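The next block holds one structure in the form of structure tokens; read it before the comments.
Letters go in sequence order (proteins before strands), and every chain restarts at 1. On a predicted model such as this, the values are computed, not experimentally measured, just so you know.
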Amino acid sequence: MPELAEVEYFRKRWDPGLGARVARVEFHGMARLFRGIPAAEFEKTLTGSRLVSSAAHGKQMIFRFDRATLGLHLGMTGELRTAPPDFVPGKHDHLVLFQKGATLVFSDPRLFGRILFQKGRCDPDWWTNRPPDLLSPDFTKAALAVFLLRRKAAPIKAVLLMQERFPGLGNWMADEILWQARLHPSTPGGKVADVARLWKTIRSVCRDALRVIGANWADPPDDWLFNHRWRDGGTCPRCGLELLRQDIGGRTTCWCTRCQAG
DNA sequence: TCTCGTGTTTCTTG
DNA sequence: TCAAGAAACACGAG
């Protein structure tokens, strides 16, 4: 389920490896996660390198080593964890970095994730050219308004999932934002009347999700749609009406027909 | 056995 | 050339 907050949570799971060198690398180099990465160079460079720092931006993570950078994207089912030194990688553990104190594991059953790799200490282009963080001052109401006009015909649900403008938003966060902002998910981008309200809601949902899920994988408050959206028969925590689930913008979308009448 | 899915990329259509 | 939708990717869960 990795969206913004979950990605931040997973990133920190590799913190025990900070400052330590990689003694051995095990990986399934042929898995599609590694698209185009030369296996021999990958292994040679990472072996002996020291993990210096890490950061997350949206759904993308960067792990900086003293002689290379590693980019990780979790796709739909990826996860990071640490394991004991005698860890034996399983079928879905596609990248395992053995250090003296910790074993860093990246697993992904569905192989929708992605691994990026660049030799050297410079941050790669895919990191330096990223769009503004949704909580940064550069994500402005004006920028949001311009983007909505550019995507004027697309349903707002689909627009919120566009990572080029909303890095880190995924399916449940988009539904949560639209529910809190009382916007029907099919509303065309160009027809969003209260852009300021949408902007404010995007920021508050991101901030709260990071605080709650990003910190320790706790559940968001019970009065969020989040806790009611997963099963058929769930009801709106605001008005009690049964929630509707339907495919909008190619994704399963959950909303309240009364609160989000459009 | 069949359907579905918290993501992204590529292809197709308009 | 751009925007929007559909299909594809791969596999476990229900």
- Just say parallel, tilted or perpendicular for the rings of A:His57 and A:Trp127, cut-offs at 30° and 60°. perpendicular
- When all nucleic acid strands are considered with a 4.0 Å heavy-atom cut-off, which category describes A:Pro188: base, sugar-phosphate, or nothing? nothing
- Whichever of A:Leu111 and A:Asp247 has its nearest DNA chain C nucleotide further upstream toward 5': A:Asp247
- Task: Tell me what A:Arg150 touches on the nucleic acid: a base, only sugar-phosphate, or nothing, going by heavy atoms under 4.0 Å.
- Result: sugar-phosphate
- Does anyone know the first and last nucleotide of DNA chain C in reach of chain A, 5' to 3', at under 4.0 angstrom to a heavy atom? C:dA3 to C:dG12
- Distance between the P atoms of C:dG12 and B:dT9, in whole angstroms? 23 Å
- Query: Which residue, A:Arg110 or A:Arg114, contacts DNA chain B at a nucleotide closer to its 5' end, judged by nearest heavy atom?
  - Reply: A:Arg110
Compile the donor-acceptor pairs under 3.5 Å between side chains in residues 30-41 of chain A and protein atoms, sequence neighbours left out, one pair per line.
unit_1  : atom_1 : unit_2   : atom_2 : d
A:Arg32 : NE     : A:Leu111 : O      : 3.1
A:Arg35 : NE     : A:Arg32  : O      : 2.9
A:Arg35 : NH2    : A:Gly113 : O      : 3.0

- Item | Rounded distance in Å - CG (A:Asp108) to C1' (B:dG5) | 14 Å
- If you measure from the P atom in C:dA13 to the same atom in B:dT8, how many Å do you get, rounded? 22 Å
- Query: Rounded to the nearest 0.5 Å, how far apart are SG of A:Cys256 and CG of A:Leu244?
  - Reply: 9.5 Å
- Item | Other residues, nucleotides, ligands: >12 heavy atoms within 6.0 Å of A:Lys119 NZ | no
- What class does the angle between the rings of A:Phe117 and A:Phe42 fall in, given that below 30° is parallel, 30 to 60° is tilted and above 60° is perpendicular? perpendicular
- Its dot-bracket string being built from Watson-Crick and G-U pairs below 3.5 Å, with | for another strand and [ ] for crossing, DNA chain B has the pattern .||||.||||||||
- Task: Answer yes or no: is there a side-chain heavy-atom contact under 4.5 Å between A:Leu134 and A:Pro167?
- Result: yes
- Let me know the distance between CH2 of A:Trp126 and C1' of B:dT8, rounded to the nearest Å. 16 Å
- Message: B:dT8, OP1 or OP2 - any side-chain N/O from A:His73 closer than 4.0 Å?
- Response: yes
- Query: Would one find a side-chain N or O of A:Gln163 under 4.0 angstrom from OP1 or OP2 of B:dT8?
  - Reply: yes
- Item | Separation of atom CG in A:Asp175 from atom P in B:dG5, rounded to whole Å | 12 Å
- Query: Over how many whole Å does the gap from A:Trp230 atom CH2 to B:dC4 atom P extend?
  - Reply: 17 Å
- Take the angle between the ring planes of A:Phe166 and A:Phe147 and call it parallel below 30°, perpendicular above 60°, tilted in between. perpendicular
- Query: What heavy-atom pair brings A:Asp108 and A:Gly78 nearest, and what distance separates the two atoms?
  - Reply: OD1-N, 3.5 Å
- Item | Ring-face cation contact, A:Trp224 with A:Arg229, 6.0 Å cut, 45° max | no
- Base, sugar-phosphate, or nothing for A:Gly170, non-hydrogen atoms under 4.0 angstrom? sugar-phosphate
- Quick one: A:Phe166 CZ to B:dT8 C1', roughly how many Å, whole number? 17 Å
- Item | Whole-Å gap separating P (B:dG7) and CD (A:Glu79) | 16 Å
- Query: How about A:Phe10 and A:Trp14: are their ring centres within less than 6.0 Å of each other?
  - Reply: no
- For the pair made of CE in A:Met162 and P in B:dT8, what is the distance, rounded to whole Å? 13 Å
